[in-house]
Amino acid sequence: MTNRQFSSAPVTLLVSSAPAPEPCLPAARPPRRLDPGAVSAALARTAAQAAARAAVRTPPAPRQAAHRPGPVREFLLAELHRSHQPDALRAALRAVQPEAHGELLWQRTADGPAGLDRLLTELGRSLAAGPRLRALLVRDRQDGRTAPRLFLGLRPGPPGLTAHRLEALREALAHPPEPVTVPTSALQREMLRQVLDPPDHDGRHIEQLSWNWHGPLDTERFTAAWQSVIDHETVLRAAFDWEEDGTGDPWMVLHERAVPEVTRHPHGSADWEELLAADRSRGFDLRRPALLRATLLDSPPDADEGPATRVLLSYHHAMLDGWSVRLLLQSFYRAYLTDGVLPGGERRPDVRDHARWLQAQGTDAAEQFWSTRPTATTVLPLVPDPRRTDPNRPDPNRPDPRRADPTRPGSGRARRRLSPYEAVRLRGWAAAWGAGESSALQAAWALLLYRAAQSGPPRRPARAVRVGFAVTVSGRGIPLDGIERLPGALRNPLPITVRVHPATTVPQLLAALRDEVLDLAGYEWVSAGQAHRWTPGARGQRPDSLVVLEHQPAAAHHLRLETDLAAHGIHVESPVPSGTFTSYPITLAAHYDATGGLVLTTTHDRALLADQDAVELLSQSAHLLRAFPDLPSGLSTTEVLRSTLAGQPAPRLGEPGTGPTDGPGTEAAEAADTPAVRLEVLHPATRPGAGWVLLLPPPGAPHTRHPDGTGGWPGPQALGVLRPVGDDPPPAAYRPVLGPLLESRTPVALVAPPGLGLTAYEIARLGAPARPPLVVLLGAEDGLAAVAELLAGRG
């Protein structure tokens with residue numbers, strides 16, 4: 001290529017026909033190392049020519065007018081013949097010109113030489129009032145197989161400074177910085193394993209938010225606003241990477257630049273349901289930022305409302321949660337109102353600060369907490385019924401399984417709604433008992449699991465059952481400044497269990513569930529996999545259902561944003577989630593719609609749960625939530641279920657999982673149906689509420705009797721022996737026997753002979769911290785009379 005002047009823009013062209021690792025001056029000889037002196041001379045000539053032309057063309061300014069320099073139209077142009085990665089180019093440009101605002105690297109497509117001239121003209125105009133340095137990456141549309149051409153534009157300035165910038169840029173390109181990486185959280189690693197091994201093509205962990213946009217929608221402004229949000233939010237420029245052989249943990253890579261993906265479909269060009277299905281099945285390339293995209297579908301203009309557009313926002317839960325996306329939407333609306341530009345720089349804290357906080361956390365306290373958690377005896381999944389999932393066998397009483405979820409074959413979705421009046425009554429009723437609607441939702445689910453356990457093979461009379469499922473926590477209850485405004489993958493499913501007795505009342509169940517969730521507050525950063533490994537669960541059971549109440553950030557500026565949007569003739573509705581397919585066989589999710597109604601959605605795996613069973617679970621959950629405010633507070637669990645769900649089919653529980661467990665303390669006795677520890681009552685209580693005195697047999701004592709005489713027990717408490725069935729059971733093996741006694745709120749005392757003091761303390765830790773059992777250590781000469789005297793002295 002030879003030196004020439006572009007006809008469409010006065011430029012000084014600095015190009016070379018031979019490949020070179022740096023920009024170089026035109027010359028008759030092959031290019032060599034950049035010569036700052038030559039660059040300075042070229043810049044001086046260009047500046048002198050521009051000054052001469054300005055003197056000829058510009059008339060003398062009146063004396064009273066202030067001097068205002070006109071835009072500089074001359075600029076220097078260099079074509080770089082060595083290819084560079086866009087991120088490396090952006091990093092080099094930022095290193096050379098850190099004070100610049102906006103994008104320093106443009107990526108454009110040209111249609112032949114005329115198109116290239118137009119792009120270079122645009123580059124010159126931007127340099128006239130913008131940065132002193134900008135790069136242009138051009139791909140020729142006529143020949144997509146050729147490598148992109150990279151041009152470097154420089155606005156003339158002091159020759160020494162410009163030459164210095166060129167030299168600094170050459171050095172930065174010769175030594176590109178290493179990409180910034182961030183370790184993934186345990187929650188992210190677990191989600192990535194679910195979608196990568198084997199690769200997931202069903203849209204798992206992909207959420208879709210949709211809403212109507214009433215009023216004018218400028219696509220360029222819409223895209224520019226999202227670009228500004230991406231520039232401010234590190235998480236939107238992040239992607240994942242991992243070793244192909246599966247070794248090691250995946251990590252996050254923070255890119256210098258990411259471009260929003262916005263697609264607009266004219267009215268009539270696409271069906272909305274088909275668009276949703278195609279978008280979910282498309283998934284995300286987890287190695288490319290940003291894991292969020294927008295799709296617009298124009299609706300027919302309404303005579304009264306004016307133009308309307310349906311907006312679909314899709315994102316991946318491994319990078320963002322619902323709380324985060326609503327934060328990003330607030331920033332997007334602010335950017336849209338300011339012509340697509342947000343003020344300020346990157347938000348902090350960001351994913352780097354969160355990862356740093358996670359790495360600083362020790363796990364000893366968390367392991368200790370989870371090692372004392374009670375395990376469930378009743379979990380899902382339910383038994384699938386091939387007759388119900390056969391698409392060729394219609395059932396008039398249930399939805400067509402072929403239409404249950406068109407977005408994912410093998411998965412289903414159903415939805416029910418509580419009216420705003422019903423939702424307000426439920427919220428007020430729960431608040432009267434010191435709980436929230438999330439506890440009410442969990443109570444309804446726990447009752448359904450309890451009912452399923454009682455309706456199986458002969459299990460009469462009704463007995464207490466500990467049911468288990470997972471609930472979500474926001475992940476933002478950690479002591480990190482600004483965490484409530486940090487977008488990321490923080491929403492976390494954690495397992496809980498609750499004991500449901502036939503005599504339990506719904507208010508008691510509400511309080512127990514509220515306390516269970518409050519106990520998780522200090523460990524919201526622990527993943528479900530970690531909690532499972534640290535819990536000595538019987539048979540390694542995992543909770544197979546998830547109950548979600550969508551967490552939303554406080555919208556302090558929402559009203560002002562609505563007012564500002566209305567001033568532009570725009571009204572936007574509240575986003576509605578479509579429901580995410582998780583790793584759980586069934587997920588029950590609830591969210592409030594724009595009118596205040598409570599929308600319940602279930603998503604389920606048809607391989608583990610029939611469509612009709614899922615619909616029945618959802619319908620019965622909604623029925624219980626509507627009935628709760630009208631129930632007398634003293635009704636027992638059995639009476640509540642009999643009065644509200646009489647005649648409705650009970651869900652059918654499947655067999656508990658028997659896979660290997662990776663948690664500690666799982667002995668052979670725990671895997672068997674026979675309990676590892678039995679309670680043998682030696683002496684009944686003489687009055688109600690007197691409590692229990694539980695004896696631990698001395699090491700080596702016969703299993704048929706206690707060595708000390710117990711016939712003359714003088715206390716009013718019931719006297720019993722916690723007798724191991726096998727040898728040396730772990731402390732968690734005492735939970736099935738001791739748990740109901742500790743939850744009954746009657747006093748319990750553990751009496752340990754010499755040598756079992758540590759074991760007694762470990763067993764005592766199974767109780768609630770507010771009501772731990774009393775531990776009594778016997779001396780070599782002490783007997784039960786001393787224990788009775790001690791307890792009598794305590795009153």
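Because the structure is predicted, anything quoted here is derived from the model rather than measured.
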If I compare all heavy atoms of [X] with all of [Y], which pair ends up nearest, and what's the gap?
| X | Y | value |
| --- | --- | --- |
| Ala294 | Leu313 | CB-CD1, 3.9 Å |
| Ala464 | Arg499 | CB-NH2, 3.3 Å |
| Ala318 | Leu192 | CB-CD2, 4.1 Å |
| Gln442 | Val547 | CG-CG1, 4.2 Å |
| Ala528 | Glu190 | N-OE1, 3.9 Å |
| Ala614 | His604 | CB-ND1, 3.5 Å |

For a quick test of your reading: what N or O donor-acceptor pairs under 3.5 Å do the side chains of residues 426-438 make, sequence neighbours left out?
unit_1, atom_1, unit_2, atom_2, d
Arg427, NH1, Tyr592, OH, 3.0
Glu437, OE2, Tyr592, OH, 2.8

Check: [X] side chain, [Y] main-chain N or O, donor-acceptor pair, under 3.5 Å:
| X | Y | result |
| --- | --- | --- |
| Thr601 | Arg415 | no |
| Gln208 | Leu276 | yes |
| Thr535 | Arg373 | no |
| Thr603 | Phe581 | no |
| His354 | Gly488 | no |
| Gln454 | Arg451 | no |
| Gln648 | Leu645 | no |
| Asn492 | Glu524 | yes |
| Ser619 | Glu616 | no |
| Ser643 | Glu639 | yes |

> Applying the side-chain hydrogen bond (donor to acceptor under 3.5 Å, both in side chains) test to Thr580, which of His316, Glu207, Arg280, His205 qualifies?
Replying inline: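 By the side-chain hydrogen bond (donor to acceptor under 3.5 Å, both in side chains) criterion, Thr580 pairs with just one of His316, Glu207, Arg280, His205: Glu207.
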
Donor on one side chain, acceptor on other, [X] and [Y], under 3.5 Å:
| X | Y | result |
| --- | --- | --- |
| Thr263 | Thr295 | no |
| Thr595 | Arg417 | yes |
| Thr363 | Glu367 | yes |
| Trp445 | Ser545 | yes |
| Ser411 | Asp605 | no |

From [X] atom [atom1] to [Y] atom [atom2], the distance as rounded to the nearest 0.5 Å:
| X | Y | atom1 | atom2 | value |
| --- | --- | --- | --- | --- |
| Ser314 | Leu320 | OG | CG | 12.0 Å |
| Leu624 | Leu447 | CG | CG | 6.0 Å |
| Ser210 | Leu297 | OG | CG | 11.0 Å |
| Leu494 | Leu187 | CG | CG | 9.0 Å |
| Leu625 | Leu598 | CG | CG | 7.0 Å |

Measuring only between side-chain heavy atoms, which start at C-beta, is [X] closer than 4.5 Å to [Y]?
| X | Y | result |
| --- | --- | --- |
| Leu328 | Trp323 | no |
| Val471 | Leu546 | no |
| Arg189 | Pro250 | yes |
| Trp370 | Tyr523 | yes |
| Val195 | Leu286 | yes |
| Leu275 | Trp272 | yes |
| Arg310 | Leu296 | no |
| Thr505 | Leu635 | no |

> Considering residues at least two apart in sequence or located in another chain, which fulfil the ring-ring contact (aromatic ring centres under 6.0 Å, His included) criterion with His501?
Replying inline: none

> Mind checking whether His317 and Tyr315 have parallel, tilted or perpendicular rings, split at 30° and 60°?
Replying inline: perpendicular

> Quick one: is the NZ or CZ of Arg193 closer than 6.0 Å to the six-membered ring centre of Trp242, and within 45° of its axis?
Replying inline: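 No, cation not above the ring by the 6.0 Å, 45° rule.
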
> Is NZ or CZ of Arg293 both nearer than 6.0 Å to the six-membered ring centre of Phe284 and within 45° of the ring axis?
Replying inline: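 Flagged: Arg293 positioned over aromatic ring of Phe284.
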
>> For Arg287, is the CZ atom crowded, meaning more than 12 foreign heavy atoms sit under 6.0 Å from it?
In response: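 For Arg287, atom CZ is crowded (more than 12 foreign heavy atoms under 6.0 Å).
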
> Can you name the side-chain contact (heavy atoms from CB on, under 4.5 Å) partners of Pro575, sequence neighbours left out?
Replying inline: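 Pro575: side-chain contact (heavy atoms from CB on, under 4.5 Å) contacts with Leu209, Trp211, Leu329.
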
> Taking it one step at a time, do Glu550 and Arg491 satisfy salt bridge (Lys or Arg N to Asp or Glu O under 4.0 Å)?
Replying inline: CA-CA 10 Å; Glu550 293 289 344; Arg491 194 186 78 171; 3.4 Å; yes

>> Determine whether Asp321 and Arg476 satisfy the following criterion, salt bridge (Lys or Arg N to Asp or Glu O under 4.0 Å), listing intermediate values before the conclusion.
In response: CA-CA 11 Å; Asp321 56 19; Arg476 288 171 167 82; 3.0 Å; yes

